[in-house]
Amino acid sequence: MPGIVTIEASCFIARFHVDPAKRETFLAIFSALWQGAKDMLEDQCNLVYYGWDRADQTFVTIESYKDEGALAALRQSDMFQTVVRQLLEQCTAPMELQLLRGMAADRSVFDLYPAGPSQVHPSAGAINVVIS
């Protein structure tokens, strides 16, 4: 069994600014997404965390994948594009995606996903994904 310390993979922290009036719809969409992908997540991820911030207004996901190529393929899928667009439609501001690299990893993940508006995530009108 692999250890719990991950220093070679990338990780991201995504912050969804959920419209309080659309919270239940957001949660229904998100719950269906992760529950439908649970086997893949358990197989492909180093870690996964989903929860709310202190103010109970921003939904946070923290994920680290074992295979950056598999993650890139997932992001290109019609399912991912559709569901992320649906999630963004429930938000009041762009989703903030903070990208991190493991302390023993090179910087190539930052070349794949440059800072600024995401080139791999969909948008929902003015609500998009901004990578830092």
Side-chain angles (χ1 to χ4, degrees):
M1 178 174 169
I4 63 167
V5 177
T6 300
I7 64 171
E8 295 176 350
S10 69
C11 179
F12 64 83
I13 303 170
R15 293 174 181 86
F16 291 88
H17 303 281
V18 180
D19 182 336
K22 298 179 178 181
R23 181 180 172 124
E24 294 308 316
T25 301
F26 178 92
L27 286 174
I29 295 166
F30 193 84
S31 292
L33 173 65
W34 81 262
Q35 289 175 8
K38 188 175 180 189
D39 290 342
M40 183 278 295
L41 293 169
E42 289 181 356
D43 182 57
Q44 290 293 320
C45 291
N46 296 306
L47 66 97
V48 175
Y49 172 84
Y50 304 133
W52 292 96
D53 71 341
R54 183 183 301 264
D56 209 31
Q57 295 179 352
T58 303
F59 188 78
V60 178
T61 72
I62 304 172
E63 299 177 15
S64 173
Y65 285 78
K66 296 174 184 174
D67 181 351
E68 199 67 44
L71 176 57
L74 173 65
R75 286 181 173 149
Q76 292 177 0
S77 73
D78 289 339
M79 180 277 305
F80 178 88
Q81 294 290 315
T82 298
V83 173
V84 171
R85 183 175 296 106
Q86 291 171 345
L87 291 170
L88 293 174
E89 289 170 349
Q90 314 314 309
C91 294
T92 60
M95 186 260 272
E96 302 166 21
L97 192 140
Q98 181 180 12
L99 187 58
L100 307 165
R101 68 176 177 97
M103 61 188 278
D106 64 28
R107 297 181 55 85
S108 61
V109 71
F110 300 131
D111 295 330
L112 291 173
Y113 309 107
S118 176
Q119 303 301 308
V120 296
H121 293 85
S123 63
I127 307 294
N128 62 350
V129 175
V130 178
I131 298 174
S132 65

Over 12 foreign heavy atoms within 6.0 Å of CD, Q119: no
E96 side chain to S132 side chain, donor-acceptor N/O pair below 3.5 angstrom: no
Interatomic distance, L33 atom CG to L27 atom CG [nearest 0.5 angstrom]: 12.5 Å
side-chain hydrogen bond (donor to acceptor under 3.5 Å, both in side chains) between N46 and S64, worked out: CA-CA 5 Å; N46 296 306; S64 173; 3.1 Å; yes
Verdict with supporting geometry, V120 and Q76, side chain to side chain contact (heavy atoms under 4.5 Å, CB included): CA-CA 7 Å; V120 296; Q76 292 177 0; over 6 Å; no
Closest approach of V129 to P122 (non-hydrogen atoms, all atoms of both residues): CG2-O, 4.2 Å
Residue pair V18, Q57: steps toward the side chain to side chain contact (heavy atoms under 4.5 Å, CB included) verdict: CA-CA 6 Å; V18 180; Q57 295 179 352; over 6 Å; no
Heavy-atom side-chain proximity of L97 to H121 below 4.5 angstrom: yes
Contact check, side chains of I13 and T61, non-hydrogen atoms, under 4.5 Å: no
Any pair counted as salt bridge (Lys or Arg N to Asp or Glu O under 4.0 Å), so long as it reaches residues 8-25, sequence neighbours left out: R23-D56
Steps toward side chain to side chain contact (heavy atoms under 4.5 Å, CB included) verdict (I127, E89): CA-CA 7 Å; I127 307 294; E89 289 170 349; over 6 Å; no
CA sep, side-chain torsions, deciding dist, call: F80, R85, side chain to side chain contact (heavy atoms under 4.5 Å, CB included): CA-CA 8 Å; F80 178 88; R85 183 175 296 106; over 6 Å; no
Considering all heavy atoms, the nearest H17-P94 contact: CD2-O, 3.2 Å
ILVMFWY network linking V60 to W52, side-chain heavy atoms under 4.5 angstrom: no
By side chain to side chain contact (heavy atoms under 4.5 Å, CB included) - contacts of I29 (at least two apart): T25, V83, Q86, L87, Q90
F59 and its ring pair (Phe, Tyr, Trp, His ring centres under 6.0 Å) partner, picked from W34, Y49, F30: F30
Distance, nearest 0.5 Å, that separates CG of D67 from SG of C45: 11.0 Å
D111, CG: over 12 other non-hydrogen atoms inside 6.0 angstrom: yes
Residue pair L41 / D43, side-chain heavy-atom distance below 4.5 Å: no
Any R101 side-chain heavy atom under 4.5 Å of F110 side chain: yes
Check: F16 and L88 side chains under 4.5 Å, non-hydrogen atoms: yes
Minimum side-chain heavy-atom gap M40-L74 below 4.5 Å: yes
Interatomic spacing from CD1 in I62 to CG in L100 - rounded to 0.5 Å: 9.0 Å
Single-linkage hydrophobic cluster, 4.5 Å side-chain cutoff, L47 and L71 together: no
From L99 atom CG to F12 atom CZ, the distance as rounded to the nearest 0.5 Å: 9.0 Å
Validation row: E63, C11 side chains within 4.5 angstrom (heavy atoms): no
Face-on cation placement of R75 at Y65 ring, 6.0 Å and 45° thresholds: no
